[in-house]
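What follows is one structure encoded as C-alpha cells, with my remarks underneath.
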Number of protein chains: 4
Amino acid sequence: MSERHRSGPVRSDAARRAILEAAAQLFDEKGYDHLTIEGIAQRAGTGKQTVYRWWASKGDVIAEALLEGLILPETLAPPDTGDLEADLAAWLQTLSDVLQQPRGQALMRSIIAAAAENAEVGKRLRAALGADFVFTRRLQDAVDENPDAAPASGAELSEALLGLIIVRALSREPLDPTTAARLVRVLSAPHS
Amino acid sequence: MSERHRSGPVRSDAARRAILEAAAQLFDEKGYDHLTIEGIAQRAGTGKQTVYRWWASKGDVIAEALLEGLILPETLAPPDTGDLEADLAAWLQTLSDVLQQPRGQALMRSIIAAAAENAEVGKRLRAALGADFVFTRRLQDAVDENPDAAPASGAELSEALLGLIIVRALSREPLDPTTAARLVRVLSAPHS
Amino acid sequence: MSERHRSGPVRSDAARRAILEAAAQLFDEKGYDHLTIEGIAQRAGTGKQTVYRWWASKGDVIAEALLEGLILPETLAPPDTGDLEADLAAWLQTLSDVLQQPRGQALMRSIIAAAAENAEVGKRLRAALGADFVFTRRLQDAVDENPDAAPASGAELSEALLGLIIVRALSREPLDPTTAARLVRVLSAPHS
Amino acid sequence: MSERHRSGPVRSDAARRAILEAAAQLFDEKGYDHLTIEGIAQRAGTGKQTVYRWWASKGDVIAEALLEGLILPETLAPPDTGDLEADLAAWLQTLSDVLQQPRGQALMRSIIAAAAENAEVGKRLRAALGADFVFTRRLQDAVDENPDAAPASGAELSEALLGLIIVRALSREPLDPTTAARLVRVLSAPHS
DNA sequence: AGATAAACGAGACGGTACGTCCGGTCTTGAT
DNA sequence: ATCAAGACCGGACGTACCGTCTCGTTTATCT
C-alpha cells in the first residue's frame, strides 16, 4: 500500500545540502538581513530556480538550515548533568559569553531578525536556542515537586530566561553572568 | 558660543514631520521589512535626498518616529495606580491583548525586526514598550525593601517580562493572560 | 543490406505530428519570436527531450511545419488558370488582402523573422509563399518566348514580386492591389 | 512662450550615446537575436534601468542606433552621379558585394529580424538601406518623363529592388551582380 | 536690497537583487 | 531505444530600491 511517486528525476540531495550549507555560511558571514537568494545559489553552485523550487523564501532556507544544526554551534545546547540550577547557570553563562562578543551579538540578532520575518524560524526559535528539550521539562519537574510555591510553569520560566537574553541582544547590552545567575535563582528557587 | 551657520534656510520642520508620519504610517501598513526610503519620501511628498540628509537609514527614521510616539499606541504605556502587582498585571494584559490579534503580533514583530537591524531602535526598545519608566523603578523599590529575598534587580525582572512577550511574538503564540499574571507573581513576590 | 537498429521503440509518429501541430498553432497564436520549445512540448503533450531529440532548434520545427503546410493557409498558393498575368494578379491580390489585416501582417512578419533566424526556414521561404512552382516556370516561359525583350529571368522577377510583399510587411504598410497589378504589368510585359 | 520643462536632472547624453554605441557594437558582433538589454547596459557601463527608462525594447534601441547611422556602414548609401541606371547598378553592386560575404548576409538578416520584430525598425528599413532619398525620387523622375511606358511608380520600383535583396538574404543565396544589373534594366527602362 | 548658499521637490544615474521564464542537458521509471 | 515528466545549471527578463548626484526653485541670513 505504499504511495507511488511520479516518474522523472528526483530531488537532488547534493543541491539541497549545498544550498543549506551555503546559506549557513553566508548567514554567519553577513547576517540574515544581507543574505540574498542569489548569493546562496551562487555560493552553492546551483541555479536560483533550484532554490525557489524548494523554498519559498530565504527565511525558509534558514529555518531548515537551523533545523539541520548548520547555523548555531553545538555549544549553545544546554548541558544536562542532573543539577538543574547548575545546568541553567552554565547554559546562561555560555549564552552570556556569546553575547559578550560583538560577533555573538550579531549572530543572535540575526536569528531574531529571521524569526521576526519568518514564521517557520520563529516557531523554531526556542528549540534552536535549546530552551526546550531540557529546561522546560526539568523546571517543570521542579515545579511539580512544589506546586504551591511555583505558580509559573517550566515552559514559561524558560521563556522568560530566553526573553532576557533576547532583550539584551536587541538592546546591545552584554549579559552579565551575575545577572543571569541571580535570575536563575529567582526563577528556579521555591517561592514563599 | 554655539556654532553659527553661514546662511540659507534652516531645516524644514514640515518636511521632518511629514517624513516621520509617513514612516509611521507605512510601518503600520507594511511592516518594517517592506518599508522603503523611496516610499517614505513619496508618501511624505518630499525628495529622497531630504530623508538622506537627516537620517542615515530607514532604521534611524523609525527610531525617531518611535521616540515621537508615532508608532506605538499610547495604550501600551504602563499604568501607575500605586499597586505594583496590579499595574504589572494590567500592563501585561494590555500587551497580551495586542498579541492576540494578528495585527498586533505583526506590529510587535516589526518592532523587533527594526531593533535587530538598527542599534538605535534596539536601544530604545525597552523604553518604547514602556518597560522602563515605571516598573524598573517600582520593582527596584520592592527589591530595596526586601533585599535578601529578591536577588534580581527591578530592571532584570522587567527585562524578563518584556522578554517573555518578545518570545511569544517571535514564536507566534498568543500570550495567555493567566501566564502573564503568574509570572508577575513569581517575579514580584518575595522569595524565600 | 539495410541498417538495422538495435532495439526499443521506433520514433513515435504521433509525437512528431503533435509537436508540429502544436508548433503551428503557437506560431499562429503568438508569432515566431514568442514561441518556446517548452510551450510546444507542453501543448503537444510530449517531453521537451522529444523535441530536442529530433529537431535542433525551434526554427527547424517551424521549417518542417512549414513544409507540411501546417502554417500557411492554402489560400496563399498561387492559382494556375493558364493566364499568366491574371494568375499573378490574383495571387498578389490574395497576398495584398492578407497584408491588409493586422493579423496577416503579423503572420507574414513572423515567417520573415523565422527565415532571418533559421537557414532552413529561409531556404524554404519562397516555396512556402508559393513563389516557386508556378510563376518562376511560367514567367520563364514568357521570357523564353521573347528573350530579347525580357532580360531578367522568371525566377528573378518572381523574387522581385515577393520582395515587394516582404518590404511592405516589414515597413508595416499595406499592399495596394493597384500597385501590385502595375508591378505585375511591368515585370511580365515585354520590354522594349 | 517657450515650453517650460520640469525641474531636476536632465537626460545624460553620455549615457545615451554609450548605450547606442554599445548596441551597435553588439548588433555587429552577435546579431539582433542574440542581443540582450543586459549586455548593452554592461558594455555601455550604465545600469539596465537607464536603458529601460528611455527605450521600450531592444528593438527601439536598435531603431535609434540605425537612425544615428551607427549600425550600417556608409558604403551602403546610394551614389548620386546623375546617371540613374549607373547609380542603381553601383548601389546594387555594393549590396551584392555585402551579400557575398557571410558576415554581410548575417548583418542583413539581423536588420530584417529587427524589422520583423519592431515596428520602428521596420518603418526605417528602407531609409536605413538607402532605398529612399535617391532612387525613389529619381526613378519617379524617369517615370514622369514617360508616364505611359512606366506604370509603376519610382517608390514601388525601388521597393521591388530592395525586396530582391531581402529575399536573397533570407534564402541565403548570393546576389549575382548580373542579376541585379538585368533587373535594374527591366525596372528602369521604358516599357512598351 | 542684493548676494549667497543651504534646503527643498524632483528624479536620472550606476548598481544589486528580486522572482520568473526559458534554454539546453540529464535522470528516472514506464512502455 | 523512445517516451512523458521534470529537476538541474545557467542566463536574461523587466521591476523595485539603493544611495549618490544633479537640476531649478525657494528661502533665510549676511553683506
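These numbers come from a predicted model, not from an experiment. The analysis underlying the following values was restricted to heavy atoms, covering all of them including side chains, and did not include hydrogens, waters or symmetry mates. A note on names: the letters A, B, ... follow the listed sequences, proteins ahead of strands, and every chain is numbered from 1.
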### Query
Which residue lies toward the 5' end of DNA chain F, C:D13 or B:L35, if each is placed at its nearest nucleotide?
C:D13
### Query
Could you state the CZ-P distance from D:R17 to E:dC13, rounded to the nearest angstrom?
15 Å
Show the distances under 3.5 angstrom between N or O atoms of the protein and N or O atoms of nucleotides 20-22 of chain F.
from, atom 1, to, atom 2, distance (Å)
F:dC21, N4, B:Q49, NE2, 2.2

### Task
Count the heavy atoms of every other residue, nucleotide or ligand shown that sit under 6.0 Å from CD of C:E29, and state whether that count exceeds 12.
yes
### Task
Would you mind checking if C:E68 and C:R17 are paired as a salt bridge, meaning a charged N to carboxylate O distance below 4.0 Å?
yes
### Query
Sub-3.5 Å donor-acceptor pair from the side chain of B:K58 to the main-chain atoms of B:Y32, do we have one?
yes
### Message
Please report the distance, rounded to the nearest Å, between CD1 in A:I40 and C1' in F:dC9.
### Response
17 Å
### Query
Where is the tightest heavy-atom contact between A:I112 and B:A116, given as atom of each residue plus distance?
CG2-CB, 4.4 Å
### Task
Could you pick out which residue, A:I37 or C:H34, lies toward the 5' side of DNA chain E when each is mapped onto its nearest nucleotide?
A:I37
### Summary
By nearest-heavy-atom nucleotide on DNA chain F, the more 5' of C:A41 and A:R16 is C:A41
### Query
Within 45 degrees of the axis of the six-membered ring of C:W54 and under 6.0 Å from its centre: does C:R16 put its NZ or CZ there?
no
### Message
Both A:G39 and D:T50 contact DNA chain E. Taking the nearest nucleotide for each, which residue is further toward the 5' end?
### Response
D:T50
### Query
To the nearest angstrom, how far is C:E38 atom CD from F:dC8 atom P?
15 Å
### Task
May I ask you to say what A:R11 touches in the nucleic acid, namely base, sugar-phosphate or nothing, with a heavy-atom cut-off under 4.0 Å?
sugar-phosphate
### Message
So C:G45, base contact, sugar-phosphate only, or nothing? Heavy-atom distance under 4.0 Å.
### Response
sugar-phosphate
### Check: A:A41 main-chain N/O paired with A:R43 side-chain donor or acceptor under 3.5 Å
no
### Message
Between C1' on F:dG14 and NZ on D:K58, what's the gap in Å once rounded to a whole number?
### Response
14 Å
### Task
May I have the distance from A:W55 (atom CH2) to E:dG19 (atom C1'), rounded to whole angstrom?
16 Å
### Task
Check if the side chain of D:S7 and the base of F:dT25 share a donor-acceptor pair of N or O atoms closer than 3.5 Å.
no
### Message
When you measure from the side-chain N and O atoms of A:W54 to the phosphate of F:dC8, is any distance below 4.0 Å, counting only OP1 and OP2?
### Response
yes
#### Entry: Pairing residues for C:D28 by the side-chain hydrogen bond (donor to acceptor under 3.5 Å, both in side chains) criterion, not counting sequence neighbours
C:R103
### Query
A:R43 has an atom CZ; how far is it from atom C1' of F:dC9, in whole Å?
18 Å
### Query
Looking at C:R53, does any N or O in its side chain come under 4.0 Å of the phosphate oxygens OP1/OP2 on F:dT2?
no
